[in-house]
Amino acid sequence: MKLIDTIKYRLTVDVAGRAFLRYERFLNARRLKNARFKSENLAPPLRISAWTKELISLHYFRGRYVEGHQPVAYVTSGGPVEILKALGYYVIYPENHAALAGARHAQMELIQSAEEFGFSQDICSYVRTDLGTALTGKTPVGKLPKPDLLLACTNICQTVLHWYRVLQKIFNVPLVVIDTPFVYTEAPPHAVEYVKKQLENELIPVAERVAGRTLKEKKFKEVVKYSKDATELWLEILNMGRHIPTPISIFDQFIHMAPIVEMRGDKVTVDFYYAMLKEVKERVKKGIGSVKNEKKRVLWDNLPVWYKLSRLAAELADRGVSMPISTYTYAWGELAPLIDIERGMESMARVYLYPILNRGTGHKLEVMRQMVKDFKLDGVILHSDRSCKPYSIGQVPQRNKLMEEFGIPALLLEADHNDERAFSEEQVASRIASFLEMMEVA
Amino acid sequence: MDILEKIPSRREVIESFKSTGGKIAAVYPYHYHRALFRAFDILPVEVWGPPGIDTTYGSSYLQPYVCSVVHSGLSFYLSGGLDVVDFIVVPHACDSLQGLGSVYIDFVKPKQPVFTIYIPRGRKDLDVEFLSKEFESIFNRLKELTGKSVTEDKLMEEILKEEEALKKVRELYSKREQISLSDYHFYRVVRSREYLPAEKFMEIADHLLENFSDGTEREGVPVIFSGLLPEPMEILEKLEEIDGRIVADDFACCGRRLYGEGKSNNPFVRMAESILNSPPDSSRGATVDERVEHLSSLVKKYGARGVVFYIVKFCEMELFYIPHMMRGLKERGIPSVYIEVDINDPLPDQTITRLEAFVEVL
Ligand code: SF4
Ligand code: SF4
């Protein structure tokens, strides 16, 4: 790493950037403090939003100056980031970056660039968004640093494997693949062993070589502890959604999940979720619901439709419908109990094998069943996400089972998490209208 | 005599195999080891679709954006097409096949036991070790289910038999230019390995090599096809009509399964070595460069003039590679074209025109 880059980084990020963003957070927090119900029926944003904004802005701001100061890795969202964090990597999650582009309506231009290069409309729209950035350098966050290392973990899909092969071709840097055999029912011992050995014999040596450092056990354990603490807090926050009315909705969760994905393993993330939990508890105490006059509670399955988040939230809120939980946000919390710092890599191997996306369609149904009971839900919306086959395959029978077992309406909503062209306004409106009718809140 | 007359149909093979007390495993695409099943007197019969069937059955489980291979594969089961089989095997090649395996286990719950096989995405020692254990656990489960005490020696015997059959396939490929058969006929023979017992397949291959290798070179513009499978097979006849011929392929059902031989004396390790020692392919996570290199070497070796990417719609693992592969080939002076198909639809005129235009300029 170069001294000049480090000085530049320290001055720009640690001195100027941090101070500016802290000040901005202070202003935002003041504004949020007195916020009232924004629309007629939607609760004001959580006060923590000012901090979320600061964290995300700082994260990407660091990215502009990090090259030469810290090694940079691009990692898939379920990847074993703790090892990289302990080695001092600055980490970019292309999926999160793509989601952010989607939420800011900046994704379509990027998607089009990727398609012009030859990428098919039939591949995941996260990938097309990010390849748009990788090929053109354009991004809504100003600038993304070039990676020194790529790390793809197949525990969310096989798509990432191919995606990262393309990134490898574009950036010409080492790619480590952590191959996590799909868990149809239970992971056999040889699968756990396989993942553990890949972490120990492949990821660590390559990541050490690229970073020019050796992994220290003490540091690794510290990162894992932060990771576990933040994950547990996130889970606790989500479980607050069981209260009636629900103090937070999935729309809050989608916004505030960025740190648990992007900054897992950092102390600040633990502090952040601790503060968020406190605020959510406060809401429970005061009886503030995420929507005014909550009449019905609905589960969301699959990725969000990033570019329609706020509209969907308002539409449902206007009818007294809250969405207390989603399988997607829960995915970043449910593994907390598996993290066992003392059992080191073996426990990590299990953690990386067991995300919901690496488990069978029956497991996902079971998770949804449990949610319907625990969160006292009246309906389910399953976002049939054209872009994400691993998440979406199985939704047809899952929906049927949920309707059959609980006698509640369950809607299969055809859309795409980032590609607006796959969202048909009319069709979605009419499907949601009939869903609400079935719940008697139309 | 028409070579096709020598090839029994799937139905005939299944019936005759079952009549001797054997059992049948329906196997979805695409990497697995036949010997693992043959050791238990189970004949693997592969399910690549089949094309042209009513896919509405599958729609009760799958969304429309899942590829036609998986749609047909499930529809085939749901419409009774697999009633005759005793086991169902779903190797893991992609997100869609992963979903298929999972939907089978959790929702369809067929009367037959379902096996899944996870194929690692690398070819290092670790990957071989994992795959060998994956095979071993299937072997143990088959022992339990069939009640047969098959020894590892018996398994090794079957492995050697399959290796012999594989040699024959390689020989057919290497002598392809001297075999006076149309591409359609050639692929009917090669693909009969998807369901014929090794011994029967070798008999047919020998017959072909003896009777159809008259030394005359085939005519037509030489091209290479890359993709999952040559379906609808009508494409091969169309190619001939427009004066093209396939000299080598990178099809998942054919060229990508020209496995190398395993070396180990441990049967499980040997099978794993063989599978992982296959030509670079997307389902096993090959790099873009490895695949470009492989295609270029095929082009060079067989004197092809271009490459046709013949891709099943929604097949992400293929689609990802296309832009860089086409550029990579172009840099080496090799033209290529990309064509998308749905194995259930008749070949659109547009596809034929595209292919024709491509062959014409070569
Ligand atoms: S296919 Fe699904 S899991 Fe994979 S990167 Fe895309 S959205 Fe994520
Ligand atoms: S065609 Fe592609 S997506 Fe479909 S089963 Fe085959 S490998 Fe998977």
Side-chain angles (χ1 to χ4, degrees), chain A residues 114 117-124 127 131 152 154 157-159 161-166 168-170 175 177 179 181-182 184-185 188-191 193-195 197-198 201-202 359-365 384-398 400-401 412 414 422, chain B residues 59-67 70 90 92-96 98-103 105-108 114 116 118-122 124-127 129-130 132-134 136-137 282-283 285-289 291 311 313-324 326-328 338 340:
Chain A
F117 189 82
F119 290 102
S120 161
Q121 253 197 52
D122 290 329
I123 64 174
C124 168
V127 187
L131 290 179
T154 59
C157 60
Q158 294 305 310
T159 300
L161 173 66
H162 310 303
W163 177 1
Y164 276 61
R165 284 294 183 214
V166 173
Q168 181 185 29
K169 179 77 192 149
I170 294 174
L175 162 63
V177 175
D179 192 5
F182 188 73
Y184 291 92
T185 47
H190 63 270
E193 189 60 18
Y194 180 48
V195 177
K197 284 188 178 164
Q198 291 177 75
N201 306 349
E202 290 176 13
R359 301 191 65 181
T361 45
H363 171 76
K364 184 143 84 69
L365 173 65
S384 173
D385 186 346
R386 193 179 185 279
S387 262
C388 187
K389 293 178 188 71
Y391 215 137
S392 305
I393 296 180
Q395 283 179 319
V396 181
Q398 283 159 355
N400 297 344
K401 285 271 176 210
L412 204 61
E414 296 283 344
Chain B
S59 307
S60 51
Y61 289 91
L62 302 167
Q63 287 97 329
Y65 46 82
V66 176
C67 78
V70 167
V90 191
H92 191 299
C94 64
D95 289 329
S96 301
Q98 164 187 301
L100 176 71
S102 194
V103 164
I105 293 170
D106 295 325
F107 294 106
V108 178
V114 177
T116 59
Y118 190 82
I119 307 295
R121 270 55 181 170
K124 298 179 290 291
D125 291 350
L126 261 181
D127 305 308
E129 184 187 322
F130 169 80
S132 68
K133 291 201 173 133
E134 190 78 348
E136 195 171 351
S137 74
S282 43
S283 83
T287 66
V288 176
D289 289 346
R291 292 198 63 203
I311 307 298
K313 182 155 175 68
F314 298 121
C315 181
E316 277 202 50
M317 66 165 205
E318 292 297 304
L319 292 173
F320 268 101
Y321 286 83
I322 300 294
H324 282 102
M326 289 181 81
R327 280 176 174 77
Y338 162 68
E340 197 167 79

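By convention in this document, chain letters (A, B, ...) are assigned in the order of the sequence lines, proteins followed by strands, and residues within each chain are numbered from 1.
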Could you tell me which of A:E193, A:K169, A:Q398 has the largest number of non-hydrogen atom pairs under 4.5 Å with chain B?
-> A:K169

Which heavy-atom pair separates B:S282 from A:H162 by the least distance, and what is that distance?
-> O-CE1, 3.0 Å

Could you label the plane-to-plane angle of the B:F130 and A:H190 rings as parallel, tilted or perpendicular, counting under 30° as parallel and over 60° as perpendicular?
-> tilted

For each of A:C388, A:G360, A:S392, tally heavy-atom pairs with chain B at distances under 4.5 Å, and name the one with the top tally.
-> A:S392

Closest non-hydrogen atom pair between A:R165 and B:G285, with its separation = NE-O, 2.7 Å

Whether A:D179 side chain and B:P120 backbone form a donor-acceptor pair below 3.5 Å = no

Winner by heavy-atom pair count (cut-off under 4.5 Å) against chain B, out of A:G394, A:P188, A:C157 = A:C157

Tell me, please, which residues at least two apart from A:Q395 pass side-chain hydrogen bond (donor to acceptor under 3.5 Å, both in side chains).
-> A:D301, B:Q63

Is B:D95 reaching over with its side chain to a backbone N or O of A:P390, donor-acceptor style, under 3.5 angstrom?
-> no

Which one of A:T361, A:T154, A:L365, A:L412 has the most heavy-atom pairs closer than 4.5 Å to chain B?
-> A:T361

Which of the residues A:V166, A:V177, A:T159 is involved in the greatest number of heavy-atom pairs with chain B at under 4.5 angstrom?
-> A:T159

Please determine if A:E202 and B:K124 form a salt bridge, counting it only when a charged side-chain N lies under 4.0 Å from a carboxylate O.
-> yes

Do you know the tightest heavy-atom contact between A:K389 and B:S96?
-> CD-OG, 3.7 Å

